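Take a look at the structure below.
Side-chain atoms are counted along with the backbone in the values below, which use heavy atoms only and exclude waters and symmetry mates. Keep in mind it's a predicted model, so treat the numbers as computed, not measured. We name chains A, B, ... by the order of the sequence lines, and we start the count at 1 in each one.
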Amino acid sequence: MGARKTWNLEQVDPWRWKIRRHGAMKTDGLVYATEEMLRAIQEEQALEQVSNVACLPGIVGYSMAMPDIHWGYGFPIGGVAAFSVEEGVVSPGGVGYDINCGVRLMTSHLTLKELGGERIKDLVSALFTNIPSGVGSSRKDMKLKDAELDRVLEQGAAWAVAKGYGDPSDLEKIEEGGCIPWADPSKVSAKARERGRSQLGTLGSGNHFVEVGVVEEVYDPGVAEVFGLHPGGITVFVHTGSRGLGHQVCDDYIRILLKSASKYGIHLPDKQLCCAPVESREGRDYLGAMGAAANFAFANRQMITHWVRETFEQFFGTSAERLGLRLLYDVCHNMAKIEEHTVEGRLRKLCVHRKGATRAFAAGHPAVPPVYRAVGQPVLIPGDMGRYSYVLVGTDRAMAETFGSTCHGAGRVLSRHQAIKSARGRSIAKELEQRGVFVTAAGKATLSEEMPEAYKDVSDVVAVVQGAGISRPVARLKPLGVMKG
DNA sequence: ATGTGC
């Protein structure tokens, strides 16, 4: 990656830092972080990636980085960048390998009392039995035929609901209603289809998880009430994406778009930023395939939600309705979407890339479900498995400044390799149990890779987006039991 | 993230 650069960062306020436009940059970079966080970020060369993104044609506003920024393929993880639809580009590196990786949260009528003692262990074990997880996990009983897979890729979560996974009322509580309408299954390669065919309804590995938790603290009682969050209430997080299908789509289109730079005369400071004009054939094809992979991920989370409900029904011997297991919301954190935003007083059509960043639309926005429109979009921020997670809400400031975007999680501080090294000779499961969190994982190295110290303290990340005003805390959740992939 | 790296 070359010699480490000394960054000329200009502090705007305690939460914002500007990278002044230099070299081939077409706009400034804007990093949301505290001074302390910035030191760690600089060592990772993620800031060079923020500058590189600012060099791409048609960028509108700043090349931004959220406080959970770290190094990624081409674009940093935690990156937000918007491009003009007419003159700008779309880039697979700006979305990431796990297309529509995202999080959903369920609330319930259950309280801590009903999960006391050893019960949480049995519940997590039951989830582990009912939801396929781990690297290469598949469902042998469901190898989708091509026509059926096409419907998944076109309809997303609605396909799953039509098949009996969950309730039609779930759909209104998913970003985009759980369906990217411009998805084009015909742009998804045979190889990607083959990988996805038996993986629908599986969790995957790494930081993907199902987590049973409890509402520990409410910061905004009014909004929490609207979201159905009450202190002591049991919640369930589902974090997963588009599995091998989305990975293959990304791989396929990186290969295709690597040829677009010379064809369209785009200067790339880094080949990993390969991209094509939004309105070119290659650009439209990628968006179509990406939308299809996103719909696969929506269907995936919907199916897993159904099995979570079934597991709770078996475990507590009563219906999911009586348990009140209702979907609060489902957010995407690896996506590029065509959205309209007001820029310098003018309404513009933009291709907004959020890679490891969450949409955080404010109250009143038509894309916020009617039930939440008066308060704003729920923003789901999982932390590491030992500490806590947050629910935030979108703000007007986010609309004005970040194209309605905020952070997506804690962000790594140790690489997977470093984490494994530092976990050697320890039992991460035992350490977590001492902190009151029961964990189980499909992969042998997963618990080491995912141990709490491998991540920033998510409360520090949330403090930055709160301080900057681009989202507002509603509640903090504590994990009780986690099933990892 | 990933049928996980050359």
Next item on the list: Tell me, please, which residues at least two apart from A/K263 pass side chain to side chain donor-acceptor pair (under 3.5 Å).
Entry: A/E282
Margin query: Once side chain to side chain donor-acceptor pair (under 3.5 Å) is applied, do any residues pair with A/S138, and if so which ones, sequence neighbours excluded?
Written below: none
Item checked: Partners passing ring pair (Phe, Tyr, Trp, His ring centres under 6.0 Å) against A/F83 (at least two apart in sequence or in another chain) -> A/H353
Check: Going by number, which of residues 235-254 of chain A have a non-hydrogen atom under 4.0 Å from DNA chain B?
Finding: A/R243, A/G244, A/H247
Next item on the list: Report the residues that fulfil ring pair (Phe, Tyr, Trp, His ring centres under 6.0 Å) with A/H208, sequence neighbours left out, ordered by chain and then residue number.
Entry: A/H239
Notebook entry, point to check: Got a sec, which residues hit side chain to side chain donor-acceptor pair (under 3.5 Å) with A/S422, two or more places apart in sequence or on another chain?
Noted result: none
Item checked: Within residues 413-421 of chain A: residues closer than 4.0 Å to DNA chain B (heavy atoms) -> A/R416
Checklist line | ring pair (Phe, Tyr, Trp, His ring centres under 6.0 Å) partners for A/Y372, two or more places apart | finding: A/F227
Item checked: Listed once per pair and sorted, the ring-ring contact (aromatic ring centres under 6.0 Å, His included) pairs that draw on residues 282-302 of chain A, sequence neighbours left out -> A/Y253-A/Y286
Next item on the list: Can you run through DNA chain B from 5' to 3' and write each base as (, ), [, ], | or . depending on how it pairs? Watson-Crick or G-U wobble, both distances under 3.5 Å.
Entry: ......
Note to self: If the condition is ring pair (Phe, Tyr, Trp, His ring centres under 6.0 Å), which residues does A/Y455 pass it with, not counting sequence neighbours?
What the structure shows: none
Check: With sequence neighbours left out, what residues match A/E339 under salt bridge (Lys or Arg N to Asp or Glu O under 4.0 Å)?
Finding: A/R354
